[in-house]
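The sequence lines fix the lettering, A, B, ..., with proteins before strands; numbering per chain opens at 1. Quick note: numbers below take in every heavy atom, side chains included, and nothing from hydrogens, waters or symmetry partners.
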There are 2 protein chains.
Amino acid sequence: MRVTHQKVMIYKSLLGSQDHPSPEQIYEKLKNAVHGLSLDTVYRTLSAFQKIGLIDLVEGYGTARRFDPMLKKHHHFRCRKCGTIIDFTSEYYDKIAVPKDIARNCENIKLQVKIEGLCKKCLNKKITTKKHIKNN
Amino acid sequence: MRVTHQKVMIYKSLLGSQDHPSPEQIYEKLKNAVHGLSLDTVYRTLSAFQKIGLIDLVEGYGTARRFDPMLKKHHHFRCRKCGTIIDFTSEYYDKIAVPKDIARNCENIKLQVKIEGLCKKCLNKKITTKKHIKNN
DNA sequence: ATAAGTGCAAAACATTTGCAATATA
DNA sequence: TATATTGCAAATGTTTTGCACTTAT
């Protein structure tokens, strides 16, 4: 990956912000400082940073919203590759306490554990691919 | 809230699905069964269901994606009202184990605790509003 | 020099809104 | 009957893409 002026500025802006900015917010912050910066460069750069693990995507993994009719306390496993979200229950996780300083300020608090990794399917696909490469 | 044919069908569709569907997916599943159903009704209905707590929004809380430059293990508090996401660290949370049956199938697993509630600001606003109503 | 990266403009996709018609309570 | 809800169409917002140009390596 080449080190361009745009990439440096975008990364610096990210490091200096505590608010988990959106592409648009980063663009607005930088457009005066980086002459001729375009919004799609911000998109492409963030996407590239995420791919190499320099930043994390926090919200809106896919393009669309997704809904869950399961109201019982439960937790989520999310596949990093295919995006599948699997509900699971866990008595152990249900007992995890909310930190006092957060609980003090809030009402109607919900705590959920989110695990991210590769699901069985995608893991198998990956292994298959490796084998395939070996055989060539 | 009135019980309409569309709402009943959308709710049934949600209950019958394990895949945390998007508005579009629900619309595609139902459009043949529910004559003349429109996508914006699905949007409005899901939004209404969420407002009364009948379903949960799992992904894409805001409209845009949001990124996090913090790569150290940390956890998230998210305000249900203003959408602010606050990072926090916790040695206690960092020790939470991944269930064996999930760990067995996956590599490069990440576990994060997500707490949802009202932040200080929004909680104060809420109290102010109540006072205001009282005074009228 | 050669590709990767950029800016622009347009396309594609996701979500919201105004309004007249419809159906629930 | 009164009004919340709907369908339609148009507006708004978000993300992706093709292409010619630029720039880091």
Exercise for review: Give a yes/no on whether any side-chain N or O of Gln6(B) is located under 4.0 angstrom from OP1 or OP2 of dA23(C).
Suggested key: no
Check your understanding: Between Ala64(B) and His35(B), which is nearer to the 5' end of DNA chain D once each is assigned its nearest nucleotide?
Key -> His35(B)
Practice item. Tell whether Arg65(A) reaches the base of dA14(C) with its side chain through a donor-acceptor pair below 3.5 angstrom. Key: no
Practice item. Look at Thr4(A) and dA24(D) and indicate whether a side-chain polar atom (N or O) is within less than 4.0 Å of OP1 or OP2. Key: no
Review point. Any side-chain N or O of Tyr43(B) less than 4.0 Å from the OP1 or OP2 oxygen of dT16(C)?
Key: no
Point to revise | d(CG, Leu57(A); C1', dT14(D)) in whole Å | key: 14 Å
Review point. Between Arg44(A) and dT16(D), is there a side-chain N or O to OP1/OP2 distance below 4.0 Å?
Key: no
Check your understanding: For DNA chain C, whose closest nucleotide is more 5', that of Arg2(B) or that of Val34(A)?
Key -> Val34(A)
Point to revise | Selection from dT25(D), dT14(D), dA4(D) that lies nearest to any side-chain heavy atom of Glu24(A) | key: dT14(D)
Review point. Quick one: Ile52(B) CD1 to dA4(D) C1', roughly how many Å, whole number?
Key: 14 Å
Check your understanding: Closest to the Ser38(B) side chain: dG5(C), dC8(D), dA25(C)?
Key -> dC8(D)
Review point. Below 4.0 angstrom from OP1 or OP2 of dT16(D), is there any side-chain N or O of Thr63(A)?
Key: no
Point to revise | No-H, no-angle donor-acceptor pair, Asp40(A) side chain to dA10(C) base, under 3.5 Å | key: no
Check your understanding: Once you round it to whole Å, what is the distance between P of dA4(C) and NZ of Lys51(A)?
Key -> 13 Å
Exercise for review: State whether Lys72(A) and Asp87(A) are salt-bridged, where the test is any N-O pair (Lys NZ or Arg NE/NH1/NH2 against Asp/Glu carboxylate O) under 4.0 Å.
Suggested key: no
Revision key, fill the gap. note: Tyr61(A), atom OH; dT15(D), atom C1'; distance rounded to Å ~ 18 Å
Practice item. Please state whether the rings of His75(B) and Tyr93(B) are parallel, tilted or perpendicular, taking 30° and 60° as the class boundaries. Key: perpendicular
Check your understanding: Taking CG from Leu39(A) and P from dG7(C), how many angstroms apart are they, rounded to a whole number?
Key -> 11 Å
Check your understanding: For the residue pair Phe49(B) and Tyr11(B), is the inter-centroid distance of their aromatic rings smaller than 6.0 Å?
Key -> yes
Revision key, fill the gap. Separation of dG7(C) atom P from Lys31(A) atom NZ, nearest Å, is 14 Å
Check your understanding: Within this structure, what is the CG-to-C1' distance between Leu46(A) and dT15(D), rounded to whole angstrom?
Key -> 12 Å
Review point. Do Asp94(B) and His74(B) have a side chain donor and acceptor closer than 3.5 Å?
Key: no
Check your understanding: Taking only N and O in the side chain of Thr41(B), is any of them less than 4.0 Å away from OP1 or OP2 of dG7(D)?
Key -> yes
Review point. For Tyr61(B), is the NZ or CZ atom of Arg65(A) found under 6.0 angstrom from the centre of its six-membered ring and inside 45 degrees of the ring axis?
Key: no
Exercise for review: Whole angstrom is fine here: how far is it from CG in Leu37(B) over to C1' in dC8(D)?
Suggested key: 13 Å
